[in-house]
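Working notes, structure below.
Counting starts at 1 for both ligands and their atoms, in listed order.
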Amino acid sequence: MSSKTPNPFSLIPAVDKALHSLQQREDLAPLPLPLVTDLVREAVESLRDEVKEGRTDVPEFDAFVEEVAAKVDSLYRSRIHPVINGTGVCIHTNLGRSPLSPRVVEALTGVGQFYNNIELDLDSGERGKRGGYLETCLATLIGAESATITNNCAAALILMLKHLANGERNEVIISRGELVEIGGGFRVPEIMEASGAKLVEVGATNKTSLADYENAITEKTGMLLKVHRSNFWMDGFTHEPTTEELVELGKAHDLPVVEDLGSGAMVMTDSLAPIPHEPTAMEVLQRGVDLVCVSGDKLLGGPQAGIIAGRADLVAGIKKEPFFRALRCDKLILTAMQETIVEYLGTESGQKPELPLMRMLSASVEGDLRPRAEAIMAELKDLEELEIGTVETIARCGGGTMPKAEIPSLALDIQPKTMSLPKLAKKLRERELPLMGYVAEDRFRIDLRTVFPEQDQKLSENFLAIFGKF
Ligand SMILES: *Cc1c(COP(=O)(O)O)cnc(C)c1O
């Protein structure tokens with residue numbers, strides 16, 4: 001190496017010096033110090049590795065610190081915190097599915113902060129049934145003999161399979177039209193295998209007859225399973241037996257019939273919004289199935305959970321499975337679900353429960369969304385960098401539910417004049433209260449159906465801040 005060019009190794013910043021310089025920055029994200037230290041160390045080490053491999057353009061100290069500061073920001077942004085959902089997808093799995101109502105969250109504050117009676121019988125002073133009150137509420141709401149709750153609907157399905165399809169009778173008969181992938185690594189055949197059950201596929205993708213099920217029944221059959229097509233639909237040359245027919249077949253062979261309903265509607269969806277009717281757990285049980293399972297944070301509008309409802313002897317058996325203990329819910333989830341179900345039970349027929357999801361689904365374009373859009377546009381009227389209007393859009397239920405449901409909605413329709421759409425979208429995601437919208441027809445759109453009215457002001461402030469007016 002010539003004596004005129006400095007040795008690049010000597011330009012690599014020392015960890016403590018870089019860390020000190022970072023900590024002097026006023027705008028540094030409040031990331032815990034050990035995480036900042038690790039980021040600095042990693043950056044120094046990777047720079048050293050690159051120099052070893054021949055890199056010579058070692059950045060100036062300030063540029064290096066700037067790079068690490070960006071990594072600090074990015075890691076800080078990845079913590080779970082509130083986001084404004086302008087996507088128009090009401091149950092957005094990337095955004096936490098169903099938001100909880102303030103009343104539910106208030107109950108969590110007390111139960112989380114203090115002791116509670118989760119496993120205490122206040123009458124006797126002895127040990128009590130965990131979540132007993134919630135189970136009673138669920139059974140009443142669903143019109144089931146008995147009900148219980150577990151980590152999520154996937155866990156509910158595994159528990160039902162473990163209990164009903166094991167040992168000599170581990171075969172589960174299911175239609176090829178229902179071997180679905182729900183999303184996020186949940187494939188019905190894989191879940192069944194993981195539970196130890198043996199899958200017996202019958203019929204064809206588009207057509208399965210009752211005889212297909214009947215012909216597959218042997219002394220090894222443990223149960224008949226029906227999986228609701230919650231995230232897709234089939235049209236055309238299709239056939240499947242009705243639930244009632246399956247129930248009759250099950251009865252004739254003394255086999256339980258189980259339905260994984262998934263979506264978890266507890267109200268008539270068609271009365272909420274101009275969307276189709278989604279089967280409810282009550283309806284499925286009325287058709288005679290032995291057990292049904294639904295998700296807690298989809299159309300039910302509660303926390304992540306899986307609800308199993310139906311025959312009391314089967315629910316009791318499931319609760320005795322060793323696996324049940326591993327998949328049980330904690331006090332916060334049980335409390336959130338309890339308050340959500342109590343909200344349903346307190347709702348008069350014809351009314352809708354006071355839950356954010358119900359309010360979102362039923363908001364009217366002209367009565368609710370348009371006045372809000374106009375107020376936001378008035379707030380932003382001085383922003384010359386934006387062209388902003390409204391556009392009628394289609395919002396979705398989301399969360400893998402009701403793919404056919406198109407909810408008429410209203411979006412802000414934005415064209416930035418001084419930056420690209422991806423740049424605007426990124427800047428909005430980088431705000432303290434990030435905003436997620438979507439790009440369509442060469443415009444940035446924010447569907448107001450999924451934006452909480454209480455967040456409208458923040459939404460405007462995000463734009464004002466990005467263009468230096470706030
Ligand atoms: C969503 C869904 C599941 C999974 O529910 P999680 O609560 O997310 O585990 C299972 N089955 C069906 C039919 C679903 O729609």
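Note that CG of Leu249 is 11.5 Å distant from NZ of Lys251, once rounded to the nearest 0.5 Å.
A side-chain N or O of Ser263 and one of Glu278 form a donor-acceptor pair less than 3.5 Å apart.
Atom CZ of Arg187 sits in a sparse spot, with 12 or fewer heavy atoms from other residues, nucleotides or ligands closer than 6.0 Å.
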Pairwise, report which nitrogen or oxygen atoms of ligand 1 are under 3.5 angstrom from protein nitrogen or oxygen atoms, and how far apart they are.
{"unit_1": "ligand 1", "atom_1": "7 (O)", "unit_2": "Cys153", "atom_2": "N", "d": "2.9"}
{"unit_1": "ligand 1", "atom_1": "7 (O)", "unit_2": "Ser295", "atom_2": "OG", "d": "2.6"}
{"unit_1": "ligand 1", "atom_1": "8 (O)", "unit_2": "Arg97", "atom_2": "NH1", "d": "2.9"}
{"unit_1": "ligand 1", "atom_1": "8 (O)", "unit_2": "Arg97", "atom_2": "NH2", "d": "3.1"}
{"unit_1": "ligand 1", "atom_1": "9 (O)", "unit_2": "Cys153", "atom_2": "N", "d": "3.2"}
{"unit_1": "ligand 1", "atom_1": "9 (O)", "unit_2": "Ala154", "atom_2": "N", "d": "2.9"}
{"unit_1": "ligand 1", "atom_1": "11 (N)", "unit_2": "Asp260", "atom_2": "OD1", "d": "3.0"}
{"unit_1": "ligand 1", "atom_1": "11 (N)", "unit_2": "Asp260", "atom_2": "OD2", "d": "2.7"}
{"unit_1": "ligand 1", "atom_1": "15 (O)", "unit_2": "Ser230", "atom_2": "OG", "d": "2.4"}
{"unit_1": "ligand 1", "atom_1": "15 (O)", "unit_2": "Lys298", "atom_2": "NZ", "d": "2.8"}

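A donor-acceptor pair under 3.5 Å is absent between the side-chain atoms of Ser295 and the main chain of Cys153, judged by distance alone.
A search for salt bridge (Lys or Arg N to Asp or Glu O under 4.0 Å) contacts involving Arg311 returns Asp290, Asp313, not counting sequence neighbours.
Judged by the 6.0 Å and 45° rule, Arg325 forms no cation-pi pair with Phe323.
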